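Comments concern the structure below.
These values consider heavy atoms only, across backbone and side chains, with no hydrogens, waters or symmetry-generated copies. Just so you know, these numbers come straight off a predicted model, no measurement behind them.
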Amino acid sequence: MSIPFISAEEAAAHIKNGDNVALSGFTPSGTPKIVPLAIADMATALHKKGEPFKINLYTGASTNEFVDGALSNADAIGNRAPYQGNPTTRQSVNKGLINFYDPHLSHMSQDIRYGFIGDIDVAIVEVTEMSPSGEFVLGAGLGMAPTIVKLAKKVIIEYCSYYQTSFRGFHDIYMPADPPARREIPIYKPTDRIGSQVLRIDPAKIIGVVPSNESESVKSFTRLNDTTRAIGYNAAAFLASEIKKGRIPKQFLPIQSGVGNVANAALYGLNENNDIPHFQMFTEVVQDAVTDLMENGKCTFASTCALAFSDKTMLHFMDNVNFYRDKIIMRPGEITNHPELVRRLGLIAMNTALECDIYGNVNSTHVNGTYMMNGIGGSGDFARNAWLSIFLTPSIQKDGAISTIVPMVTHVDHNEHDVRVIVTDQGVADLRNKAPMQRAREIIENCVHPDYKQLMWDYLKICRQGHMPHNLKAAFAMHQTFQELGDMRLTDFSKFE
């Protein structure tokens, strides 16, 4: 069967108001770019005529300016899941213009297969190689691609020629059976292969192929500063001490690392600590730091859902692709984040927090408990099931006006039962085998910035007795002080005595 080449505008014309549209990719990596821009342009034109147009958008994780940015600017998104990181989309979510649903990333593909969101009308998939028989090689990100091409009524292919290399062999495409027929997922070490190197799509579903030559358009990470360097140092020193105490095997365990500058810094901390042995990764993304770790031999292998590289690092990867061919494998997000595998492999999970409270609860998503930042992503998949669940955060933000350690978090994404270790630039709080008041003392003593340490002790003095002491009138006083005066340090807990 011959698959026609079509323009992005022709492809967009097949998408109707109210359609459920699903995309390949995970973070900007492997996400279609040209067709979403055409959909945004079509939406803008229809809105000028007074005609309604919004799609319900489902992706592997966050996307980029081509997708969330353009579609949000065009007011073309109705429902959105499971994760976003675009400023315009964030504004629309917080204004109620987009209905944002925030599931764990490992749930999204199976939620679609279980019928929880309805039919997938159109799937848009970025590929880097293709054949008329329906075999396609994906690019730098996989996401939900196997599920959405299987279930979609129509498929649009975006063929990207930007990559000056072949991704053939980097993918391991596997989709578990649905209950009650599901068996174990047969991965017992990060290097195991269980699926196909190519994505198979029924040619009869394919509307056409849209040529593209766009990069992921990801900026380089912020350079390490004193704060992020200290967080990475503290995390690595803690893990090295756990090896010496025999609580982590001497050969070490696979690493999972979240997204962003702090997570990237934590990987550099592992790289610089000579007491950390060579290790493998089983994670949802690999970032720029991983290329450095691989080239100096610290990280020997990485199983991931996406190569979340900056454009600069992606060019370096392409120039040295043969070095990486036996060191990286990409899998669907429901495999990289699957609780069964996280528990079986014994991952050391390192994820970031917006704020933590003195008892170990973590807020990863909502500023002041109200305003969505990005979403929970995959952190919950790993936190509950990891060998060690570590959360990283700077001790202060906004030049010290905000403490990230507070009496009570304003929103709970990871409760105290799942948080084992908290690391800030100040130090490490090991919360294992500790009752609430013991955790509070551990966190205040080791993780709170000096500007706030006395405030935290002052809060505990005014709390009612109980298993987890709180003063409900004062629990959010620091947040309220910041809203009113612009600086949490001005909080006066004595008025609540």
Can you tell me if [X] and [Y] form a side-chain donor-acceptor pair at under 3.5 Å?
{"X": "Thr313", "Y": "Asp288", "result": "yes"}
{"X": "Asn56", "Y": "Asn20", "result": "yes"}
{"X": "Thr410", "Y": "His366", "result": "no"}
{"X": "Asn64", "Y": "Ser217", "result": "no"}
{"X": "Ser106", "Y": "Asp381", "result": "yes"}

Next item on the list: Apply side chain to side chain donor-acceptor pair (under 3.5 Å) to Ser109 and Arg113, showing your working.
Entry: CA-CA 6 Å; Ser109 289; Arg113 291 199 303 274; 4.9 Å; no

Check: With Asp172, which residues qualify under side-chain contact (heavy atoms from CB on, under 4.5 Å), at least two apart?
Finding: Arg193, Ile194, Ile329, Arg331

Next item on the list: Could you tell me which residues satisfy side-chain contact (heavy atoms from CB on, under 4.5 Å) with Asn94, sequence neighbours excluded, listed by chain and number?
Entry: Arg90, Tyr371, Met372

Nearest 0.5 Å, what's the [atom1]-[atom2] distance between [X] and [Y]?
{"X": "Lys205", "Y": "Ile157", "atom1": "NZ", "atom2": "CD1", "value": "11.0 Å"}
{"X": "Glu158", "Y": "Glu214", "atom1": "CD", "atom2": "CD", "value": "8.5 Å"}
{"X": "Leu345", "Y": "Gln256", "atom1": "CG", "atom2": "CD", "value": "12.0 Å"}
{"X": "Glu65", "Y": "Ser72", "atom1": "CD", "atom2": "OG", "value": "8.5 Å"}
{"X": "Asn213", "Y": "Tyr163", "atom1": "CG", "atom2": "OH", "value": "10.5 Å"}
{"X": "Ser24", "Y": "Ile148", "atom1": "OG", "atom2": "CD1", "value": "6.0 Å"}

Are side-chain heavy atoms of [X] and [Y] found at a separation under 4.5 Å?
{"X": "Leu138", "Y": "Phe170", "result": "no"}
{"X": "Ser215", "Y": "Met314", "result": "no"}
{"X": "Thr365", "Y": "Asp102", "result": "yes"}
{"X": "Pro190", "Y": "Gln280", "result": "yes"}
{"X": "Met478", "Y": "Ser403", "result": "yes"}
{"X": "Asp319", "Y": "Phe317", "result": "no"}
{"X": "Ile173", "Y": "Gln197", "result": "no"}
{"X": "Thr63", "Y": "Thr89", "result": "no"}

Check: Can you list the steps and then say if Phe309 with Thr291 is a side-chain contact (heavy atoms from CB on, under 4.5 Å)?
Finding: CA-CA 9 Å; Phe309 296 151; Thr291 60; 3.7 Å; yes

Report yes or no: does [X] contribute a side-chain atom to a donor-acceptor pair with the main-chain N or O of [Y] at less than 3.5 Å?
{"X": "Thr31", "Y": "Gly25", "result": "no"}
{"X": "Gln84", "Y": "Asn374", "result": "yes"}
{"X": "Asp413", "Y": "Asn363", "result": "no"}
{"X": "His411", "Y": "Thr370", "result": "no"}
{"X": "Thr304", "Y": "Met330", "result": "no"}
{"X": "Asn361", "Y": "Asp357", "result": "no"}
{"X": "Thr27", "Y": "Ala306", "result": "no"}
{"X": "Tyr452", "Y": "Gly400", "result": "yes"}
{"X": "His449", "Y": "Asp425", "result": "no"}
{"X": "Thr336", "Y": "Gly333", "result": "yes"}

Tell me whether the count of non-hydrogen atoms from other residues, nucleotides or ligands lying under 6.0 Å of [atom1] in [X] goes above 12.
{"X": "Asp178", "atom1": "CG", "value": "yes"}
{"X": "Arg489", "atom1": "CZ", "value": "yes"}
{"X": "Asn322", "atom1": "CG", "value": "yes"}
{"X": "Lys327", "atom1": "NZ", "value": "yes"}

Closest contact, heavy atoms only, [X] versus [Y]:
{"X": "Ser166", "Y": "Val321", "value": "O-CG2, 4.4 Å"}
{"X": "Gly208", "Y": "Ile6", "value": "CA-CD1, 3.9 Å"}
{"X": "Cys447", "Y": "Thr424", "value": "O-OG1, 2.9 Å"}
{"X": "Val209", "Y": "Tyr159", "value": "CG1-CB, 3.6 Å"}
{"X": "His14", "Y": "Asp19", "value": "O-OD2, 4.1 Å"}
{"X": "Pro32", "Y": "Val67", "value": "O-CG2, 3.3 Å"}

Notebook entry, point to check: Do the two ring centres, one from Phe167 and one from Tyr162, sit under 6.0 Å apart?
Noted result: no

Next item on the list: Step by step, work out the side-chain contact (heavy atoms from CB on, under 4.5 Å) result for Val127 and Leu199.
Entry: CA-CA 9 Å; Val127 307; Leu199 179 68; 5.6 Å; no

Next item on the list: Under the side-chain contact (heavy atoms from CB on, under 4.5 Å) rule, what do Arg182 and Gln110 come out as? Steps first, then yes or no, please.
Entry: CA-CA 12 Å; Arg182 180 172 291 182; Gln110 69 179 29; 3.6 Å; yes

Item checked: Step-by-step side chain to side chain donor-acceptor pair (under 3.5 Å) determination, Glu355 to His479 -> CA-CA 11 Å; Glu355 63 178 1; His479 298 89; 3.0 Å; yes

[Y]/[X] salt bridge by N-O under 4.0 Å criterion:
{"X": "Arg168", "Y": "Glu129", "answer": "yes"}
{"X": "Lys16", "Y": "Asp121", "answer": "no"}
{"X": "Arg80", "Y": "Asp68", "answer": "yes"}

Next item on the list: Determine, stepwise, if the pair Asn225 / Thr228 fulfils side chain to side chain donor-acceptor pair (under 3.5 Å).
Entry: CA-CA 6 Å; Asn225 56 35; Thr228 55; 3.1 Å; yes

Note to self: Would Phe53 and Thr44 count as a side-chain contact (heavy atoms from CB on, under 4.5 Å) here? Give the steps.
What the structure shows: CA-CA 9 Å; Phe53 184 88; Thr44 299; over 6 Å; no

Next item on the list: Before giving the answer on ring-ring contact (aromatic ring centres under 6.0 Å, His included), spell out for His414 and Phe391 the whole-Å C-alpha distance, their side-chain angles and the decisive distance to 0.1 Å.
Entry: CA-CA 10 Å; His414 312 284; Phe391 280 89; 4.7 Å; yes

Margin query: Go through it in stages, so that I can follow the logic: the residues are Glu10 and Ser7, the test is side chain to side chain donor-acceptor pair (under 3.5 Å), and I'd like the CA-CA distance, side-chain angles, deciding distance and then a yes or no.
Written below: CA-CA 5 Å; Glu10 289 174 307; Ser7 69; 3.3 Å; yes

